[in-house]
Amino acid sequence: MIELSPFRPLDLTLIALLNPVVILIGFWMGRRADQWQKLVVAGFAAAFVSAMMIWFAVWLGLVVAKGIGGEAGAFVLSMLFGTLWAVIGYATRSRSRP
């Protein structure tokens, strides 16, 4: 069982950076974006889905969270990294689509 510790900037950065949900959603939405302006929306969606998955894991008892703190910071960092993954996905997408 994973235990999330109280607020520590390095932990929040690692949670946002290495979260597979942020990576998958950000990259996937970036690959499907037809305009670069939509990459910020992809980053927000990645952060939102990531927050919901963490909440669900805590609710199921898979993750123990005791006064984690810094949830807003984790969301913002997830959004920044999600946007970065969306930019990478956008840059690697196929340009031959109509």
Side-chain angles (χ1 to χ4, degrees):
M1 185 175 302
I2 300 170
E3 183 171 345
L4 298 176
S5 58
F7 174 73
R8 288 196 298 234
L10 179 61
D11 291 350
L12 294 179
T13 302
L14 290 176
I15 288 170
L17 180 63
L18 303 175
N19 190 328
V21 174
V22 171
I23 295 168
L24 291 173
I25 298 295
F27 187 79
W28 178 72
M29 288 186 73
R31 294 269 302 176
R32 281 151 182 77
D34 57 353
Q35 299 172 343
W36 67 267
Q37 297 91 336
K38 294 179 181 177
L39 300 178
V40 176
V41 175
F44 181 83
F48 181 77
V49 173
S50 170
M52 293 299 100
M53 293 302 292
I54 290 173
W55 177 84
F56 192 63
V58 170
W59 183 71
L60 287 176
L62 301 173
V63 175
V64 176
K66 297 178 183 175
I68 187 174
E71 289 84 359
F75 186 86
V76 170
L77 286 171
S78 293
M79 184 174 166
L80 290 175
F81 288 122
T83 302
L84 175 66
W85 280 108
V87 168
I88 293 169
Y90 184 77
T92 61
R93 69 185 173 93
S94 173
R95 306 273 192 240
S96 63
R97 293 185 344 197

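In this text the structure is predicted, and so the values were computed from the model without any measurement. Along the sequence shown, residues are numbered consecutively beginning with 1.
- The CG atom of L10 sits 10.0 Å away from atom CD1 of I15, with the distance rounded to the nearest 0.5 Å.
- W36 has its side chain out of reach of V87: every pair of non-hydrogen atoms, C-beta onward, lies at least 4.5 Å apart.
- Among residues two or more places apart in sequence or in another chain, the side-chain hydrogen bond (donor to acceptor under 3.5 Å, both in side chains) test is passed with S78 by none.
- Note: L77 CG to T13 OG1 = 5.0 Å, rounded to the nearest 0.5 Å.
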Pair up each side-chain donor or acceptor in residues 37-58 with any protein partner under 3.5 Å, not counting sequence neighbours, and list the distances.
| from | atom 1 | to | atom 2 | distance (Å) |
| --- | --- | --- | --- | --- |
| K38 | NZ | D34 | OD1 | 2.6 |
| S50 | OG | N19 | ND2 | 2.6 |

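- Linking Ile, Leu, Val, Met, Phe, Trp and Tyr whenever their side-chain heavy atoms come within less than 4.5 Å puts I23 and I88 in one cluster.
- A distance of 10.5 Å separates OG1 of T83 from CE of M29, quoted to the nearest 0.5 Å.
- Minimum heavy-atom separation, A16 to F81: CB-CD1, 3.7 Å.
- To the nearest 0.5 Å, atoms CD1 (I25) and CH2 (W85) are separated by 13.5 Å.
- A donor-acceptor pair is defined here as one N or O able to donate and one able to accept, closer than 3.5 Å; no such pair exists between the side chain of R93 and the backbone of R32.
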